[in-house]
Visitor: 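For reference, the structure I am asking about is given below.
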Amino acid sequence: MRSAVVRGRSRTIDAGPYEVRISAGLRSEFASIIATVAPAHCYAVITDDRVGPLHAGPLMDALASHGRPTLHTMPAGEAHKTRDTWARLTDDLLAAGCGRDTTVVALGGGVVGDLAGFVAATFMRGVPFVQCPTSLLAMIDASVGGKTGVDTQAGKNLVGAFHTPAAVLADVELLATLPVEHRRAGLAEAIKHGVIADAGHFAELSESLPGLLAGDAASTLDAVARSVEIKSSVVRADVREHGLRKTLNFGHTIGHAIEHESGYALLHGECVAIGMVLEARLAERLGIAEEGTAERIERILLRAKLPVARPESLSAEQIVGATRLDKKARSGSAEYALPARIGEMANAESGWSIAVADAAVLEVLA
Ligand SMILES: NC(=O)c1ccc[n+]([C@@H]2O[C@H](COP(=O)([O-])OP(=O)(O)OC[C@H]3O[C@@H](n4cnc5c(N)ncnc54)[C@H](O)[C@@H]3O)[C@@H](O)[C@H]2O)c1
Ligand SMILES: [Zn+2]
């Protein structure tokens, strides 16, 4: 990674009640920033068994000058984003003697962020937390916006809470150890931000794609910063998802259904990639999206080596069935946030999403 190029360059994005700080090398300041924005007696660092061994050591050492750091490690992967893990982590915090004067620190990808945030939202009826995202997807998307929670047998993210972080601290140098397939998956959410709000971002991602895939720090920093600006401005306008925030669900109604039905064999970002292409195609069929929108999305995703079609192991009926597990589904239809064109979403008049009959979705999936 050419981190030297961007050393010293940093971005701070005002996300409303908190800041998102992004730079190359920020990890050396994590502890002092955490101690400033969320001072506590106990700093409970939650991580997973892949990220912890790589990156937790220096943070634990640095936090020791500000309070009592404790380390809590969960197994990596979406399959562990469960109430069981939440119960184990909260028991673990109690056993470590953490009380009300605790700040939870999430050090990991979106799974760790969602779980640690849910621990923070519920532990002692709520303690502050700071997100230190380590995956591209978590930097670009999951760490911002205050949604926390776990999956259940019935579907994704069905139990959770809104809990705003005290800060989000992203060091793009931490991505040097991220496996490439997770880098690709993160790009899917960045591309989504381009589609829903900014054709310029979409074009820039397309141009810098080779560098982004190769781990170029300068283009990564720019892409993360622009995506965070988009996501945080959407969230600020509609924290509790009554309207505009629904646009962030583009690709996710079908994406979550595939993710759930595949038994989490596919990565979240991969499922969102497939979901975006199919939902854009659906939007074209319904006369909502400009012709060619789906094809443009498909082209950039293919260049990012992301999947764009329904996995053969899953039938169209099975996927449509699973869209009904979505929080917003009604019988015989599900809610979709659909694009009008690259950079602009449709259906503002109906609160940025519309109910689409299962039959229409089946046709696109078939
Ligand atoms: N709360 C939100 O608003 C929101 C938004 C988007 C996605 N999400 C959630 O985020 C999750 C997906 O996030 P993800 O893709 O980061 O998954 P993840 O947390 O499973 O991380 C992906 C993998 O990369 C590893 N990893 C992370 N950082 C690493 C690093 N620097 N070096 C080496 N390995 C590293 C992890 O251990 C894991 O194996 C899903 O559960 C999704 O629902 C939440
Ligand atoms: Zn997502």
Side-chain angles (χ1 to χ4, degrees), residues 1 15 27 46-56 59 73-82 85 106-118 120-121 129 131-152 155-165 168 170-193 196 215 220 227-228 231-232 234-235 239 241 245 247-256 258-260 264 266-276 306 327 337:
M1 185 180 268
R27 64 195 179 285
I46 298 182
T47 188
D48 70 27
D49 58 9
R50 300 237 173 102
V51 176
L54 293 168
H55 301 298
L59 176 61
T73 305
M74 61 171 285
E78 185 74 33
H80 298 283
K81 198 175 114 179
T82 60
T85 308
L107 179 72
V111 167
V112 165
D114 280 9
L115 247 172
F118 191 44
F129 90 116
Q131 292 268 22
C132 301
T134 64
S135 73
L136 187 59
L137 191 142
M139 290 183 191
I140 275 175
D141 195 334
S143 63
V144 178
K147 278 189 183 178
T148 76
V150 295
D151 306 330
T152 77
K156 285 261 308 170
N157 301 332
L158 293 179
V159 175
F162 285 99
H163 192 54
T164 303
V168 178
D171 181 350
V172 294
E173 285 184 358
L174 293 178
L175 300 173
T177 54
L178 184 75
V180 68
E181 67 273 21
H182 289 286
R183 181 174 275 279
R184 294 194 180 109
L187 287 174
E189 299 274 15
I191 290 164
K192 179 193 79 180
H193 291 139
I196 69 167
T220 304
S227 264
V228 169
K231 172 141 188 198
S232 61
V234 168
V235 172
V239 174
E241 198 171 314
R245 188 167 183 165
T247 57
L248 294 167
N249 293 332
F250 170 53
H252 282 63
T253 305
I254 290 177
H256 277 163
I258 292 175
E259 194 175 0
H260 180 259
Y264 303 106
L266 289 163
L267 301 176
H268 177 75
E270 292 173 339
C271 298
V272 171
I274 301 169
M276 285 194 289
L306 281 159
K327 291 188 275 299

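As the structure is a prediction and not an experimental result, all values here were calculated from the model. Every number for a ligand or one of its atoms is a count from 1 in the order of the listing.
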Visitor: When rounded to the nearest 0.5 angstrom, what is the spacing between CD in Glu270 and CG in Leu306?
Guide: 6.5 Å
Visitor: How far is atom 28 (N) of ligand 1 from its nearest protein heavy atom, and which residue and atom is that?
Guide: Thr134 OG1, 2.7 Å
Visitor: Could you list the atoms of ligand 1 found under 4.0 angstrom from a heavy atom of Leu54?
Guide: 32 (N), 33 (C)
Visitor: Within the structure provided, determine whether Asn157 and Asp151 are in side-chain contact (heavy-atom separation under 4.5 Å).
Guide: yes
Visitor: To check you understand the geometry: which heavy-atom pair defines the closest contact between Asp49 and Ala76, and what is its length?
Guide: OD1-N, 3.1 Å
Visitor: Just verifying a value: how many Å separate Leu158 CG and His260 NE2, rounded to the nearest 0.5 Å?
Guide: 8.0 Å
Visitor: Can a donor-acceptor pair be found between the side chains of His268 and Glu259 at a distance below 3.5 Å?
Guide: yes
Visitor: Does some non-hydrogen atom of Lys231 fall short of 4.0 Å from ligand 1?
Guide: yes
Visitor: For the Zn ion (ligand 2), find the closest N/O/S atom on Glu189 and give its atom name.
Guide: OE2
Visitor: What is the closest protein heavy atom to atom 39 (O) of ligand 1, and at what distance does it sit?
Guide: Arg50 NH1, 3.0 Å
Visitor: Given Asp114, Leu248, Thr177, which one has a non-hydrogen atom that is nearest to atom 44 (C) of ligand 1?
Guide: Asp114
Visitor: Check Ala76 against ligand 1 and report side chain, backbone, both or neither, counting heavy atoms closer than 4.0 Å.
Guide: side chain
Visitor: Run the salt-bridge test on Glu189 and Lys192 with the 4.0 Å N-O cut-off and return the result as yes or no.
Guide: yes
Visitor: Between the side chains of Thr177 and His55, is a donor N or O closer than 3.5 angstrom to an acceptor N or O?
Guide: yes
Visitor: Rounded at 0.5 Å granularity, tell me how far CG in Leu175 sits from CG in Leu136.
Guide: 5.5 Å
Visitor: With heavy-atom distances below 4.0 Å as the criterion, list the atoms of ligand 1 near Lys147.
Guide: 1 (N), 3 (O)
Visitor: Note the single closest protein heavy atom to atom 40 (C) of ligand 1, along with its residue, its atom name and the distance in Å.
Guide: Glu78 OE1, 3.1 Å
Visitor: How far is atom 34 (N) of ligand 1 from its nearest protein heavy atom, and which residue and atom is that?
Guide: Pro179 CD, 3.8 Å
Visitor: Atom CG in Leu59, atom CG in Asp171: separation rounded to 0.5 Å?
Guide: 11.5 Å
Visitor: Tell me, which N, O or S atom in His268 is closest to the Zn ion (ligand 2)?
Guide: NE2
Visitor: Where the closest heavy atom to atom 31 (N) of ligand 1 is concerned, which of Asp48, Asp141, Leu174, Leu178 has it?
Guide: Leu174
Visitor: Check this for me: does any side-chain nitrogen of one of Lys147 and Asp114 sit under 4.0 Å from a carboxylate oxygen of the other?
Guide: no
Visitor: Give the numbers and elements of all ligand 1 atoms closer than 4.0 Å to a heavy atom of Ala142.
Guide: 1 (N), 2 (C), 3 (O), 4 (C), 5 (C), 6 (C), 7 (C), 8 (N), 10 (O), 44 (C)
Visitor: Measuring from Thr220:OG1 to Leu178:CG, what's the distance to the nearest 0.5 Å?
Guide: 10.5 Å
Visitor: Between the side chains of His163 and Thr148, does any donor sit under 3.5 Å from an acceptor?
Guide: no
Visitor: Considering only heavy atoms, which of Val111, Leu107, Asp171, Val51 lies nearest to atom 25 (C) of ligand 1?
Guide: Val51
Visitor: Among all protein heavy atoms, pick out the one at the shortest distance from atom 15 (O) of ligand 1; state its residue, atom name and that distance to 0.1 Å.
Guide: Leu137 CB, 3.7 Å
Visitor: Just need the protein heavy atom nearest to atom 21 (O) of ligand 1, so name the residue and atom and give the distance.
Guide: Gly109 CA, 4.1 Å
Visitor: Considering non-hydrogen atoms of the protein only, which is the closest contact for atom 16 (O) of ligand 1, and what is the distance?
Guide: Ser135 OG, 2.5 Å
Visitor: What is the distance from atom CG of Leu174 to atom OG of Ser135, rounded to the nearest 0.5 Å?
Guide: 10.5 Å
Visitor: Does only the side chain of Thr148 get under 4.0 Å from ligand 1, or the backbone, or both, or neither? Count heavy atoms.
Guide: neither
Visitor: Between the candidates Gly110, Cys271, Gly160, Ala176, which shows the shortest non-hydrogen contact distance to atom 10 (O) of ligand 1?
Guide: Gly110
Visitor: Nearest protein heavy atom to atom 43 (O) of ligand 1, by residue and atom, and its distance?
Guide: Lys156 NZ, 2.7 Å
Visitor: Measure from the Zn ion (ligand 2) to each N, O or S atom of Asp141 and report whether any distance is below 2.8 Å.
Guide: no
